[in-house]
Novice: 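Handing you this structure, nothing more for now.
Predicted, not measured: the structure shown is a model, and the values here were computed from it.
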Amino acid sequence: MSFLAIDIGNTRLKWAVYDAMHPGARLLAHGAVFIENIDTLAEDEWKDLAAPEAMIGCCVASDAVRRRVEEQIEELWDFPPVWVVASSQEDEVINGYDHPSRLGADRWVAMIGARWHLLNGGRPRPALVVMVGTAVTVDALDASGHFLGGLILPGHGIMLRALESGTAGLRVPTGEVRDFPTNTSDALTTGGTFAIAGAIDRMYHNLTERCGEPPSCWLTGGAGWKMAPHLGQEFELVETLIFDGLLHIAHRRAQAKRAL
């Protein structure tokens with residue numbers, strides 16, 4: 001069977017079609033569109049796809065955006081969309097948020113994906129899961145898979161726009177990350193990068209102190225590759241982390257249904 005996975009973020013919709021419903025399945029097709037262009041999916045990117053047999057996704061955009069995607073799925077294929085929302089527990093990951101359902105679905109799915117990678121590659125240990133996109137999230141799991149909590153902070157673009165709107169004369173081209181910036185463009189880019197890196201470093205030390213051992217670290221998101229060279233810890237950069245989480249959830253749910 002072919003299987004469609006969808007990740008609707010704040011800025012873009014990412015999609016991928018796999019040849020099976022489990023992490024590690026062969027990728028058949030993939031793409032991404034900006035949210036303002038999602039109305040063209042059915043007549044453009046999805047038009048010539050072989051019909052997938054099922055779909056699972058996560059969405060942090062508005063209900064209107066999600067409904068427009070659902071309408072196009074229903075136009076093309078004969079299956080109901082399935083959307084993951086955060087719950088108190090999914091597989092081995094336990095949600096420690098004060099109100100579990102209020103945790104962003106993308107954060108939840110990314111942690112499930114990271115937990116799958118961790119257990120698939122070795123022994124259970126704490127994990128730090130970082131997504132770098134429009135916003136940056138830094139989430140902590142202990143060795144048993146319990147989500148302890150996490151941070152949300154602005155991504156590079158939001159930081160720069162906030163400075164531009166609040167400070168006169170800062171509309172400058174994007175700069176480079178420098179140890180000692182000597183122009184405004186580099187100062188802005190370096191400041192944002194170091195702010196994100198500092199938040200990650202703080203959570204890394206908090207988690208190490210809490211669990212008594214350094215965590216494995218997982219980096220994803222559209223701008224994850226930009227942050228990777230500037231982090232003080234060793235990270236696994238996994239661009240498909242959310243898709244891996246979605247596939248794992250779909251696989252485990254199918255197993256549970258067959259067991260009934």
Novice: Using every non-hydrogen atom in the two residues, find where I8 and A61 come nearest and quote the distance to one decimal.
Specialist: CG2-CB, 3.7 Å
Novice: Is a side-chain N or O of D19 found less than 3.5 angstrom from the main chain of S2, in a donor-acceptor match?
Specialist: no
Novice: Can you give the donor-acceptor pairs under 3.5 Å from side chains of residues 198-211 to other protein atoms, not counting sequence neighbours?
Specialist:
residue: D201; atom: OD1; partner: H205; partner atom: NE2; Å: 3.4
residue: D201; atom: OD1; partner: Q233; partner atom: NE2; Å: 2.7
residue: T208; atom: OG1; partner: Y204; partner atom: O; Å: 2.8

Novice: Hey, quick one: are V138 and L103 part of the same hydrophobic cluster, counting side-chain heavy atoms closer than 4.5 Å, chains of contacts allowed?
Specialist: no
Novice: In the structure I gave you, are the side-chain heavy atoms of L219 and M131 within less than 4.5 Å of one another anywhere?
Specialist: no
Novice: A quick test of your reading: do over 12 heavy atoms of other residues, nucleotides or ligands sit less than 6.0 Å from CD of E71?
Specialist: yes
Novice: Specify the closest pair of heavy atoms between L4 and V17, including all atoms of both residues, with the distance to one decimal.
Specialist: CD1-CG2, 3.8 Å
Novice: Just verifying a value: how many Å separate K14 NZ and D106 CG, rounded to the nearest 0.5 Å?
Specialist: 8.0 Å
Novice: If we only count heavy atoms from C-beta on, is the D139 to L128 side-chain gap below 4.5 Å?
Specialist: no
Novice: Does the side chain of E213 come within less than 4.5 Å of R125's, by heavy atoms?
Specialist: yes
Novice: When hydrophobic residues are tied together by side-chain contacts of less than 4.5 Å, even through go-betweens, does F194 share a cluster with I196?
Specialist: no
Novice: Answer with yes or no whether the hydrophobic clustering places F3 together with F79; edges join I, L, V, M, F, W, Y residues whose side-chain heavy atoms lie under 4.5 Å apart.
Specialist: no
Novice: To the nearest 0.5 angstrom, please state how far the CD atom of Q72 sits from the CG atom of D39.
Specialist: 6.0 Å
Novice: When the ring centroid of H30 is compared with that of W15, is the distance short of 6.0 Å?
Specialist: no
Novice: When the ring planes of W116 and H248 are compared, do they come out parallel, tilted or perpendicular, using 30° and 60° as the limits?
Specialist: tilted
Novice: Quick one: sort the H251 and H22 rings into parallel, tilted or perpendicular, breaks at 30° and 60°.
Specialist: perpendicular
Novice: Is any side-chain heavy atom of S88 less than 4.5 Å from a side-chain heavy atom of I94?
Specialist: no
Novice: Using modelled atom types and a 3.5 Å cut-off, is there a donor and acceptor pairing between side-chain atoms of T220 and backbone atoms of V238?
Specialist: yes
Novice: Which heavy atom of H146 sits nearest a heavy atom of G96, and at what distance?
Specialist: NE2-CA, 3.9 Å
Novice: Can you tell me how far apart CG (N95) and OG (S87) are? Round to the nearest 0.5 Å.
Specialist: 7.0 Å
Novice: Are side-chain heavy atoms of V136 and I152 found at a separation under 4.5 Å?
Specialist: no
Novice: Verify whether one side chain among S216 and W218 offers a donor that lies under 3.5 Å from an acceptor in the other.
Specialist: yes
Novice: Just do the side-chain hydrogen bond (donor to acceptor under 3.5 Å, both in side chains) check on Q255 and R258 with the steps written out, would you?
Specialist: CA-CA 5 Å; Q255 286 182 322; R258 286 195 296 267; 5.9 Å; no
Novice: Any donor-acceptor pair under 3.5 Å linking the side-chain atoms of W83 with those of E70?
Specialist: yes
Novice: If you count the non-hydrogen atoms of other residues, nucleotides and ligands that lie under 6.0 Å from NE2 in H230, is the total more than 12?
Specialist: yes
Novice: Is there a side-chain contact between T137 and V129 in this structure, where contact means two heavy atoms from C-beta onward sitting under 4.5 Å apart?
Specialist: no
Novice: Test your reading of the model: is there a side-chain donor-acceptor pair from D244 to the backbone of G113, 3.5 Å cut-off?
Specialist: no
Novice: Would you kindly confirm whether F243 and L237 end up in one hydrophobic cluster when ILVMFWY residues are joined by side chain heavy atoms under 4.5 Å apart?
Specialist: no
Novice: Would you be so kind as to tabulate the donor-acceptor pairs closer than 3.5 Å made by side chains of residues 154-163, with sequence neighbours excluded?
Specialist:
residue: H156; atom: NE2; partner: T193; partner atom: OG1; Å: 3.0

Novice: Of all the heavy-atom pairs spanning W108 and A86, show the shortest one and how long it is.
Specialist: CD1-CA, 3.5 Å
Novice: Any chain of hydrophobic side-chain contacts (each under 4.5 Å) joining I38 to M55?
Specialist: yes
Novice: Any sub-3.5 Å donor-acceptor pair from E92's side-chain atoms to G145's backbone N or O?
Specialist: no
Novice: Among T190, N183, T182, which one satisfies side chain to side chain donor-acceptor pair (under 3.5 Å) with D186?
Specialist: N183
Novice: Rounded to the nearest 0.5 Å, what separates atom SG in C59 from atom CG in L13?
Specialist: 8.5 Å
Novice: Are E36 and R68 close enough for a salt bridge, meaning some N to O gap below 4.0 Å?
Specialist: no
Novice: Sub-3.5 Å donor-acceptor pair from the side chain of S62 to the main-chain atoms of V65, do we have one?
Specialist: yes
Novice: What are the two closest heavy atoms between L27 and A16, and how far apart are they?
Specialist: CD1-CB, 3.7 Å
Novice: Within this structure, what is the CD1-CG distance for the pair I6 and L41, rounded to the nearest 0.5 Å?
Specialist: 8.0 Å
Novice: Under a 4.0 Å threshold between the charged nitrogen and the carboxylate oxygen, would E74 count as salt-bridged to R67?
Specialist: no
Novice: Are there over 12 heavy-atom neighbours, none belonging to R12, within less than 6.0 Å of that residue's CZ?
Specialist: no
Novice: Kindly indicate whether the side chain of P124, heavy atoms from C-beta on, has any atom under 4.5 Å from the side chain of L119.
Specialist: yes
Novice: The test is side-chain contact (heavy atoms from CB on, under 4.5 Å); show your working for F147 and D142 and say whether it passes.
Specialist: CA-CA 7 Å; F147 169 48; D142 68 14; over 6 Å; no
Novice: State, yes or no, whether a side-chain contact exists between I249 and D91 at a heavy-atom distance under 4.5 Å.
Specialist: no
Novice: So how far is it from E53 CD to D78 CG, rounded to the nearest 0.5 Å?
Specialist: 11.5 Å
Novice: What's the shortest heavy-atom distance between A105 and V85, and which atoms?
Specialist: CB-CA, 4.5 Å
Novice: I'd like to know if the side chain of T189 reaches the main chain of G175, judged simply by a donor and an acceptor atom lying under 3.5 Å from each other, with no hydrogens or angles considered.
Specialist: yes
